[in-house]
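First up is the structure itself, then whatever we jot down about it.
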Amino acid sequence: MKILIVAGLLLLAVAGGVTFNAMQGKTLDLATSYVFEQPRTLAPFTLADQYGNPFTNQSLQGKWSLFFIGYTACPDVCPTTLNKLAAAYPKLQAISDTFQIVFVSADPERDTQIKRLDYINFFNKEFKAVSADHKALFPFSRDLGFVYAMVGEDSDYQVDHSASYVLVSPRGEKTAVFKTKPTPGQLPQIINSELINDVNKIVSAWR
């Protein structure tokens with residue numbers, strides 16, 4: 001029997017190339033992202049990080065948080081993305097020393113706390129690796145605008161998931177979405193230089 005769990009539909013249509021958005025009365029010329037004209041406060045949530053500590057709305061206060069969803073058995077998108085984020089992390093922290101990367105596991109049955117700890121430590125020990133049962137994970141993922149689905153036979157399943165990033169402000173508000181771009185001969189990806197430049201513009205314009 002196929003397992004299918006869908007965590008919500010990403011309802012943002014983002015044109016390629018340049019995205020314009022008014023922020024503090026400014027127009028931002030962004031390469032890979034869409035900034036919400038009205039930032040969206042995340043609904044109350046409770047997950048757990050790779051140490052078993054609660055990860056809640058309070059964990060976002062006073063920090064810029066970049067979210068990515070996936071699972072530890074992911075064969076390509078997740079390790080590629082986390083490698084890229086690990087490489088970008090020093091420059092993102094130079095933009096804001098409160099910057100945190102949060103990997104959301106959409107496979108809580110297999111991605112135990114210990115498994116998430118070992119997995120994320122391979123890329124960067126400062127990153128967060130959070131999850132929860134689907135009852136809590138479903139609305140949280142949907143609120144961020146992520147999609148995930150388990151598809152397969154019994155326990156032998158894979159997880160289809162969004163490859164975008166979501167930026168949450170120090171007030172716990174969903175502020176921007178970063179979209180992948182097709183690259184000939186490669187997986188669609190978000191280019192680090194474009195990510196860093198866009199984050200710098202968004203953080204500089206934010207109040």
Side-chain angles (χ1 to χ4, degrees), residues 5 7-8 10 39-75 77-150 158-178 190 195 199 203:
I5 303 174
L10 184 60
R40 305 177 184 185
T41 301
L42 294 180
F45 64 86
T46 300
L47 292 84
D49 69 15
Q50 67 267 36
Y51 298 103
N53 299 320
F55 187 85
T56 68
N57 302 75
Q58 189 59 38
S59 305
L60 308 178
Q61 296 301 307
K63 302 175 182 178
W64 284 98
S65 304
L66 189 68
F67 285 88
F68 168 70
I69 194 167
Y71 66 117
T72 66
C74 179
V77 174
C78 298
T80 299
T81 297
L82 286 168
N83 268 321
K84 289 168 63 68
L85 288 174
Y89 186 58
K91 292 185 178 179
L92 293 172
Q93 282 229 307
I95 296 170
S96 171
D97 60 8
T98 68
F99 208 95
Q100 64 177 350
I101 305 291
V102 186
F103 170 71
V104 181
S105 169
D107 190 8
E109 283 81 6
R110 297 183 297 191
D111 287 351
T112 63
Q113 175 195 327
I114 296 298
K115 195 166 187 178
R116 283 184 279 116
L117 175 63
D118 291 342
Y119 185 74
I120 207 65
N121 280 353
F122 179 81
F123 300 99
N124 191 306
K125 293 182 179 180
E126 294 184 20
F127 289 4
K128 298 287 187 183
V130 304
S131 195
D133 60 29
H134 292 296
K135 183 177 180 180
L137 191 62
F138 181 95
F140 174 73
S141 301
R142 180 180 57 197
D143 203 17
L144 284 174
F146 289 139
V147 173
Y148 73 87
M150 279 76 164
Q158 292 185 329
V159 183
D160 293 335
H161 58 85
S162 302
S164 56
Y165 309 156
V166 174
L167 183 66
V168 175
S169 78
R171 286 198 288 261
E173 298 171 331
K174 186 168 67 170
T175 299
V177 177
F178 298 83
I190 297 168
L195 168 70
V199 168
V203 171

Evaluate the side chain to side chain contact (heavy atoms under 4.5 Å, CB included) criterion for residues V166 and F146: first the C-alpha distance (whole Å), next the side-chain angles of each, then the deciding distance (0.1 Å), finally the verdict. CA-CA 9 Å; V166 174; F146 289 139; 3.7 Å; yes
Scan side-chain atoms only and decide if S162 and S164 contain a donor-acceptor pair under the 3.5 Å cut-off. no
Using the test side-chain hydrogen bond (donor to acceptor under 3.5 Å, both in side chains), find all partners of K84 that sit at least two apart in sequence or belong to another chain. Q189
Does the side chain of [X] reach to within under 4.5 Å of the side chain of [Y], using non-hydrogen atoms?
{"X": "L144", "Y": "V168", "result": "yes"}
{"X": "S131", "Y": "R116", "result": "yes"}
{"X": "I190", "Y": "T81", "result": "no"}
{"X": "F55", "Y": "F45", "result": "yes"}
{"X": "L60", "Y": "Q100", "result": "yes"}
{"X": "K128", "Y": "L47", "result": "no"}
{"X": "L92", "Y": "I101", "result": "yes"}
{"X": "V199", "Y": "W64", "result": "no"}

Give me the atom names and distance for the closest heavy-atom approach of [X] to [Y].
{"X": "T98", "Y": "K63", "result": "O-CB, 3.4 Å"}
{"X": "F99", "Y": "Q93", "result": "O-NE2, 3.2 Å"}
{"X": "N57", "Y": "L42", "result": "ND2-O, 3.3 Å"}
{"X": "A136", "Y": "T46", "result": "CB-O, 4.0 Å"}
{"X": "A106", "Y": "L137", "result": "CA-CD2, 3.7 Å"}
{"X": "H134", "Y": "P108", "result": "CE1-CD, 3.5 Å"}

With no hydrogens and no angle check, is any side-chain donor or acceptor of S59 less than 3.5 Å from a backbone partner on T56? yes
Are the side chain of D143 and the backbone N or O of P139 linked by a donor-acceptor pair below 3.5 Å? no
Can you tell me if Q61 has over 12 outside heavy atoms packed within less than 6.0 Å of its CD? yes
Using side chain to side chain contact (heavy atoms under 4.5 Å, CB included), reason through K115 and D107 one step at a time and then give a plain yes or no. CA-CA 11 Å; K115 195 166 187 178; D107 190 8; over 6 Å; no
Between [atom1] on residue [X] and [atom2] on residue [Y], distance to nearest 0.5 Å:
{"X": "L85", "Y": "F123", "atom1": "CG", "atom2": "CZ", "value": "10.0 Å"}
{"X": "Q50", "Y": "T112", "atom1": "CD", "atom2": "OG1", "value": "12.0 Å"}
{"X": "N121", "Y": "L117", "atom1": "CG", "atom2": "CG", "value": "4.5 Å"}
{"X": "C74", "Y": "D160", "atom1": "SG", "atom2": "CG", "value": "9.5 Å"}
{"X": "F140", "Y": "I69", "atom1": "CZ", "atom2": "CD1", "value": "8.5 Å"}

Plane angle bin for Y71 and H161 - parallel if under 30°, tilted between 30 and 60°, otherwise perpendicular: perpendicular
Parallel, tilted or perpendicular: ring planes of F68 versus Y165, cut at 30 and 60 degrees: perpendicular
Dump the intermediate steps for side chain to side chain contact (heavy atoms under 4.5 Å, CB included) on L82 and N124, then the final yes or no. CA-CA 9 Å; L82 286 168; N124 191 306; over 6 Å; no
Measure from the ring center of F103 to the ring center of Y119 and say whether it is less than 6.0 Å. yes
